[in-house]
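Note sheet for the following structure.
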Amino acid sequence: MNTIKFVFSNIFRSKGRFIFTFLGIAIGMASFVALLSMGGSMRGEVTRQAEALGSDIMIMPENICVFNQISIVTGDTISELMQYEIFDDMSAIEGLTVIPHLMQKTGVEGMSSVIGGVLPAETKDFRDWEIEKGEYFSSNEQNAIVLGSDFAITRGLTIGDTIPLGRDREELTVIGILKPTSSNDDAAMFMPLATTQRVFEKEGYISYMSARVDDITKMDYFIATIEATANVQASTDKQLLGNALTILGSVNMTLQLIAIVALIAAAFGIINTMMTAVYERRREIGILQAIGAKRSAIFKIFILESGLYGLFGGIAGVAIGLATSVFAGEYISKIGANELLKGVRPEASFDLWLILSAVAFSLVISIAAGLYPAWKASKMTPMEAINNG
Amino acid sequence: MANKSIIKVEKLEKIYGKGTVKTHALRNISISIPKGSFSCLIGKSGHGKSTLLNLIGGLDRPTDGKIYIEGIDITKLNNSQLAELRAEKIGFVFQFFNLLPNLTALENIQASMMWGKTPKNDQSTKARELLDMVGLSDKANSKPSELSGGQQQRVSIARALANDPSILLMDEPTGNLDSESEEEVLKHIFNIHKSGKTIVIVTHNNELAKKADLLFEIRDGKLNNPKSKTRTK
């Protein structure tokens, strides 16, 4: 018999209480880890996608909100649209190569999907697209679809398949699949701009434009010229990324605060459990003292008990949290219910530092929660404990 | 019986409560108990027998007076030293057994060794020997709830001997047992006494009291001298 074995026998004697306390800390830790992990993933994903934008300047509708800027970075749709004529104005600026995008959302094979309307030839050059299978668009009015590489795999689509689109569920045929580009283009499908405008009844409109400059030392000049030419907002990809990360930072902070509240609630659960244990086991505390246990030994027994809740709950919480961040991230991404979380990718979630520090954090919180009950237990005199037990 | 006192109590006072609500549980008690003796504390319920036993065992502290165990004034010991004293020199047997409910009979005995001086490697063997001594080797893996009252008390006696203490303090050890179990438990107590342990028992059992070397009657917290006796064998 040793203290650890004794403590284990105490923890598991009341299985119901153990399970509920364990679940309290596990769920608290799980939410903490899931939110932290998803926050980290979002940050990583937004950074990765911004780097893959492949443009120098993004031209967006005026007064576009930061959330929509994130959508542009992550290749998603935005609510505001701008007149197609502005594209002509931008194209007229010397030293600027511009392509328009009309981003629309639709359901394909039961999954929320982004469809990009593009000028076929210009976009192919701008994006360095290559065809893996099938063929590319031959005109801006062609009623055809080209798929990003991931999009084809996740939806199980191939050349010759048709996809119903627009209010009239017009059947359009897949004619080609792009080679992987390591950008958001892989996760989208594309149609010629004119076709997209027609099918989605957005004639004369585009979502935003990507632009490249011939001299990157004149970036400020180009931005000023763009904004002076039309009522639009122009940002470099770095500015966009900075804006996106700022907003993500506050979102992350909020998520972490929510998770910390969950953890504090779990810590009070431990305090409650341990106080009940001290109250119920007063007689046993007295017996232990009678057979020679010092106050420090009683304190150690209760602190270890409390710490074990934290250790078990922490390990389970981290596992549940990481699993949640992967599956929930995937789910959220698929249903497109949350624009901010859509970029979450499972491969970014498993961070050893996060795992170890989360378990350590859980342990520290549980030990801290056990301090007062353990102190109360150790302060009892043997007679007080035995007589009141 | 050796003459040297293993337990000596001088002018012991115990007052419970504070302010105006005070209970004078023990008044001016002085007794001396020789090593290897068998002593009984008798008297009516609530007159202070258990209080005296608990003070001798260091489970509680007196309001005034001195208690010497093997010549050491335990009233001067701090909590930690008192715990060491209980672990090494004193074994307790309670009326309601007070076994740890989540541990088996064997583990209850081993638990007592956690704070004694028995080497870790010998603890299991010694615990089994003690269980065997009280005739319960077949109940080693039984939890207290699976044992009869008599069996629990025998485990409790084995536990009290776990650290080979020189003194055993028993608070009505047969008070909660049927007559058959009582007989069995008493048999073990007498055997332990024969092995040289000093035993002090609080009891209402007149037959047991008659067998005591020393008899102390506590009445209203005071030692009732006429009934107290010293038997010679």
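Please read these numbers as outputs of a predicted model, since none were measured by experiment. Letters go in sequence order (proteins before strands), and every chain restarts at 1.
- A pairwise comparison of heavy atoms in K294(A) and E84(B) identifies NZ-OE2, 2.6 Å as the closest pair.
- For L106(B), no part sits under 4.5 Å from any heavy atom of chain A, backbone or side chain.
- When the shell of 6.0 Å around CZ of F20(A) is examined, it contains 12 or fewer heavy atoms from other residues, nucleotides or ligands.
- Separation of atoms CZ (F92(B)) and CD1 (I386(A)) is listed at 7.5 Å; rounding is to 0.5 Å.
- Of the atoms belonging to R61(B), not a single heavy atom falls under 4.5 Å from chain A.
- Chain B is approached within less than 4.5 Å, heavy atom to heavy atom, by N2(A), T3(A), K5(A), F6(A), S9(A), N10(A) from residues 2-11 of chain A, ordered by number.
- Ranked by heavy-atom pairs under 4.5 Å with chain B, the list M383(A), E284(A), R295(A) is led by M383(A).
- Around CZ of R13(A), the count of heavy atoms belonging to other residues, nucleotides or ligands within 6.0 Å exceeds 12.
- With a 4.5 angstrom heavy-atom cutoff, N79(B) touches chain A only via side-chain atoms.
- At a 4.5 Å heavy-atom cutoff, the contact between Q123(B) and chain A is made by side-chain atoms alone.
- Looking at heavy atoms from C-beta onward, I287(A) lies in side-chain contact with R159(B) at the 4.5 angstrom threshold.
- One distance of note links CG of L288(A) with OG of S112(B); it measures 9.5 Å at 0.5 Å rounding.
- Scanning all heavy atoms of the two residues, the minimum distance from R86(B) to A293(A) falls at NH2-O, 4.3 Å.
- With chain A as the partner, the residue from G58(B), P101(B), P165(B) showing the most heavy-atom pairs under 4.5 Å is P101(B).
- To the nearest 0.5 angstrom, L100(B) atom CG is 6.0 Å from I291(A) atom CD1.
- For the pair A87(B) and G292(A), the tightest heavy-atom approach, listed with the atom from each and the gap, is CB-CA, 3.6 Å.
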